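Atoms within a ligand are numbered from 1 in the order they appear, just like the ligands themselves. Since this is a predicted model, take the numbers as computed values, not measurements. We count residues from 1, following the sequence as given.
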Amino acid sequence: MLRRISERIGRHRIFLITAHERLDGDALGSELALCHMLRNLGKEATIYNQDRTPGNYLFLPGSDQIVHELPPLDPFEVAFILDCSELDRVGEESARIGTIPNLVNIDHHVSNGGFCDVRLIDPQASSTGELIFRLVRDMGLAVTAEMATCLYTAILTDTGGFRYGNTRRGALLTAADLVAGGADPQWISENVYEADPPARLRLLAAALPTLTLEEGGRVGSLVVTQKALADAGALPEHAEGFVDLPRSIRGVEISILYAELPDGRFKLSLRSKGKVNVERVARTFGGGGHINAAGCRVEGELSEIRRRVIEAIRTSAAEA
Ligand SMILES: [Mn+2]
């Protein structure tokens, strides 16, 4: 499959690169590394994202050139859809992007349905960044310092700072190669994790009193409402990582963040320890992800959603 992707790169000249809405370090790092690679080959590449780049990723080289309005599509020969298990994860413009003649999907989600022919899907990979690295190496191309910074950020963030279950040999070996290629772990970590605006801590202060432990302390959760966001003067991206906090409590196996969306629905982020599968829980609500990290969007009253989630956790545990 790597061959088919490199053939497409060789044969074509003008590329669109995109990833899922609500950007994370893997989406952005993968897009930017691929963009650098294509441009180094003398190709034209444009990154389109529906959402703005979160502030803590603006240090990534090339992030200032990302566009948020889809340019006229006629010139594009190939669209790379990165870190998406489904085309519609791209957002509002997914249908239009789907009309570009050649689609290539590079992704590591277990729930990937295989929405296009040319794809590189490996649920064993830590991140899409790790797969981009594989592609670059397979093509015999150099990993520049810029690319190394982007790909290291992708792996660092998708493994939760090399802590989650996807922190396997491949992730660590790739990270080591990227450090050799010019990625600076300390500088990158400071930019990603230690560059928060005060609003993020104000939002955290509002979220912590919502801490709820259920199922005998096995399930821990936090809530971020639209009101809390407004009061803190915070953006939804500032709640990034809050889901990991209940999980830091001994005995908590499943950690959930209920984040209210502007339309009143709730975006659920689920994390788990060890063999506990939250992907199955998210799938009950039409979402997806990985065994230890998944998400979904649910409509309804929060208390009712909580009840349904606990029910899904029980069902999933009974099936396991
Ligand atoms: Mn990812």
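One of the N, O or S atoms belonging to His108 lies under 2.8 Å away from the Mn ion (ligand 1).
Distances from the Mn ion (ligand 1) to each N, O or S atom of Asp83 single out OD1 as the nearest. The name of the N, O or S atom in Asp158 nearest to the Mn ion (ligand 1) is OD2. Within Asp26, OD2 is the N, O or S atom that lies nearest to the Mn ion (ligand 1).
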What side-chain donor-acceptor pairs closer than 3.5 Å can you find for residues 312-320, not counting sequence neighbours?
residue	atom	partner	partner atom	Å
Arg314	NE	Glu215	OE1	3.0
Arg314	NH2	Glu215	OE2	2.8
Thr315	OG1	Glu311	O	2.8

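Here Tyr193 pairs with nothing under the ring pair (Phe, Tyr, Trp, His ring centres under 6.0 Å) rule; sequence neighbours left out.
Here the side chain of Gln50 pairs a donor or acceptor atom with the backbone of Glu92 at under 3.5 angstrom. Under a 3.5 Å cut-off, the side chain of Ser94 and the backbone N or O of Val90 do not form any donor-acceptor pair.
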